[in-house]
Amino acid sequence: MPARAPSPFAHAAAQPLDATVALLARFRGDPRDAKMNLACGTFVNPRGEVPLLAAVREAERALAAEAHPRDYQPMAGDERLLAAARDLLLGPALGASMRHRLAAMQALGGTGALRLAAELLQALVPAAPVYVSRPTWGNHAQIFEAAGFAVREHPYVDTATGEPDFQGMVRTLRDEAPRGAIVVLHTSCHNPTGFDPSPAQWMALADVFLERGLIAVHDIAYQGLGDGLDEDAHALRLFVARGIPTLVAHSLSKTFSLYGERVGTLWVTCTDPTEARHVGSMLQRRVRTNYSTPPVHGAAVIARVLEDPDLRAAWRDELAGMARHVQAMRRRLVDGLEQAGLPVARRQLEAQKGLFCFSGIPADVVDRLRTEQGIYLPRSGRLCLAALDPPGVRRFLDALAAAWAIAA
Ligand SMILES: Cc1ncc(COP(=O)(O)O)c(C=O)c1O
């Protein structure tokens with residue numbers, strides 16, 4: 001018998017999981033009945049279930065009744081989804097005026113849009129460094145590194161005070177970042193901190209982008225879960241209207257509660273229709289060689305909801321209800337923390353927006369919550385407000401007071 005050739009996979013090394021993914025796996029393996037998951041990044045009810053929105057259910061019923069055949073989509077994806085998403089992101093007036101200067105693609109969620117954006121930028125400006133906020137969503141740096149970029153950080157939160165460090169961010173982008181650098185921005189509901197720049201600060205940032213020729217990657221994953229659909233897109237519209245080279249990575253996962261369908265869109269603002277065509281063709285080449293064409297179902301559902309006036313109104317109401325729920329839980333939590341005399345900065349917590357509370361709970365207390373009470377949140381202290389209801393807030397506060405007293 002000839003000697004068996006050595007395995008080509010012998011050098012494969014197990015890769016560490018993302019900290020969040022690893023924590024969720026630990027939660028699933030925890031046998032305690034009363035365990036509580038506040039680590040999730042999805043809008044879940046207090047039983048940990050992702051809701052199926054009524055508007056989505058209706059749209060699915062209608063599509064099932066029509067029984068559409070499942071041909072391949074064009075590489076750019078569902079045109080109706082793209083038209084509706086453009087309106088959502090830019091508003092009808094700016095969207096229409098930019099129509100011929102945009103390269104647009106349906107993408108595999110916000111993550112897929114970011115990866116496509118990173119691959120496009122790597123082909124066009126490979127030497128530009130990519131700046132992300134410290135802290136940021138755990139996947140940002142990995143995605144841009146996987147595409148070949150050097151990733152750097154700019155300050156976002158002052159670690160000593162826990163306050164937003166807007167001046168530090170501006171200083172780094174204006175004085176340290178080379179001309180033409182790429183900057184990943186959270187358009188609204190910054191993950192994990194919940195701190196968003198004010199409209200005046202966005203204006204000042206836009207000045208820095210124009211002065212330094214920076215390229216913006218707007219990551220918008222929570223539109224409508226902060227102050228409202230238009231308000232949450234304000235920063236993006238400002239950048240586009242001011243002519244800053246902008247890519248938009250748009251996730252529809254949270255806003256339609258359709259995480260597993262992987263629907264998102266990617267937009268690139270170009271200077272003229274020819275440039276937009278060229279950029280579009282570069283994106284299509286990347287789609288073709290990765291997965292050929294994007295999936296049909298989730299995109300068709302979302303397009304149906306957004307095109308049908310009744311379904312759209314129902315969706316807006318449900319989304320607004322989700323936003324109200326997290327706002328109410330934030331207020332309850334902040335009041336409770338203060339009443340319990342825990343050392344948290346009320347003003348900071350109240351200034352935050354979106355799904356998460358960046359609580360400032362120290363890592364050793366987070367560890368005690370997990371080991372002693374079965375309450376899971378990441379060591380950054382970010383907790384998912386959607387996973388709480390009034391009894392959940394009470395339970396969390398009692399557990400926190402106990403864990404903090406022991407840890408102190
Ligand atoms: C800031 C941010 N961007 C992008 C995403 C990814 O979205 P998707 O699930 O659509 O890939 C997330 C998801 O948690 C996020 O928080």
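Read the numbers this way: they start at 1 and go in the same order the structure lists the ligands and their atoms. None of the values given here were measured: they were computed from a predicted structure. Residues: numbered from 1 along the sequence shown.
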* Asked: Between His190 and Tyr156, how do the two ring planes meet: parallel, tilted or perpendicular, split at 30° and 60°?
  -> parallel
* **Residues Lys353 and Glu231 bridged, charged N to O under 4.0 Å** =>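 Looking at Glu231 together with Lys353, the answer is no, because their closest N to O distance does not fall below 4.0 Å.
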* Using 4.0 Å as the upper bound for N to carboxylate O, is an ion pair formed by Arg394 and Asp398? ->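 Yes, this pair counts.
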* Asked: Gln106 side chain to Asp78 main-chain N or O, any donor-acceptor pair under 3.5 Å?
  ->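 Yes; at least one donor-acceptor contact below 3.5 Å.
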* Asked: Sub-3.5 Å donor-acceptor pair from the side chain of Asp308 to the main-chain atoms of Arg304, do we have one?
  -> no
* Any idea which residues sit under 4.0 Å from ligand 1, heavy-atom distances? ->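 Within 4.0 Å of ligand 1, the protein residues are Gly109, Gly110, Thr111, Trp137, Asn191, Asp219, Ala221, Tyr222, Ser251, Ser253, Lys254, Arg262.
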* Asked: Residues in ring-ring contact (aromatic ring centres under 6.0 Å, His included) with Phe256, at least two apart?
  ->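 Residues passing ring-ring contact (aromatic ring centres under 6.0 Å, His included) with Phe256: Trp315.
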